[in-house]
Amino acid sequence: MVEDNLDTRQAIELVLELEGYSVQGAEDGQEALACARSLPRPCLILLDVNMPRMDGAAFRREQLADPRLREIPVVVLSALPRHHPMLGPLADVEMFQKPIDADKLIALVERHCPSGASHYAIA
């Protein structure tokens, strides 16, 4: 996921890779944009909110401004409550509450990235 906490990012990457997904990790929105622009189109972007350099809201604004990226589904992963002011600019995306339940996360990714397809997620 686009997550600045290395332990959290690696744990989610591992869970998804064990399910057969190819995962590209990024530590902030800036790195995630670079990945999304240089790699094949991901089936899903899992996005943290509070990150250095480029937070989740700034990432989402840049994503929507780029015609090549705007259609990629985004799911916000956050411990913040749904109506927190930091989530305002992200109100149009699905939200997944931290702490992460691995089974629910896998089900979420399966909805966006059908198994049997060669998809990857920026996670």
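Values reported hereafter were calculated over all heavy atoms of this structure, with side chains retained and with hydrogens, waters and symmetry mates removed. For this chain, numbers begin at 1 and follow the sequence in order. Worth saying up front: this structure is predicted, and the values here are computed from it rather than measured.
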Can you find a heavy atom in the side chain of M95 that is under 4.5 Å from one in the side chain of S78? yes
Which residue pairs pass the salt bridge (Lys or Arg N to Asp or Glu O under 4.0 Å) test when at least one of the two sits in residues 88-99, sequence neighbours left out? E3-K98, D48-K98, R60-D92, E94-R111
Of all the heavy-atom pairs spanning L33 and E62, show the shortest one and how long it is. CD1-CB, 3.5 Å
Closest non-hydrogen atom pair between V23 and E13, with its separation: CG1-CG, 3.6 Å
Heavy-atom check, side chain of L90 versus side chain of V49, under 4.5 Å: yes
Can you find a heavy atom in the side chain of R68 that is under 4.5 Å from one in the side chain of R37? yes
Close side-chain approach of I45 and P73, heavy atoms under 4.5 Å: no
Taking E31 for the side chain and E27 for the main chain, is one N or O donor matched with an acceptor at less than 3.5 Å? yes
Okay, side chain of Q97, backbone of A79: is any donor-acceptor separation there less than 3.5 Å? yes
Residues at least two apart in sequence or cross-chain that pass side-chain contact (heavy atoms from CB on, under 4.5 Å) with I106, listed by chain then number, are V15, E19, E110
Heavy-atom closest contact (A32 atom, F59 atom, distance): CB-CE1, 3.8 Å
Do the side chains of V76 and F96 get nearer than 4.5 Å, heavy atoms only? no
So which heavy atom on G56 is nearest to which on M51, and how close? N-CE, 3.6 Å
What's the shortest heavy-atom distance between D103 and D101, and which atoms? N-OD1, 3.0 Å
Scanning both residues in full, the closest heavy-atom pair of R9 with A26 reads CD-O, 3.4 Å
Do I12 and L77 make a side-chain contact, defined as non-hydrogen atoms from C-beta onward lying under 4.5 Å apart? yes
4.5 Å side-chain heavy-atom contact, L46 and V2: no
Report yes if some heavy atom in the side chain of D4 is under 4.5 Å from a heavy atom in the side chain of N50; otherwise report no. no
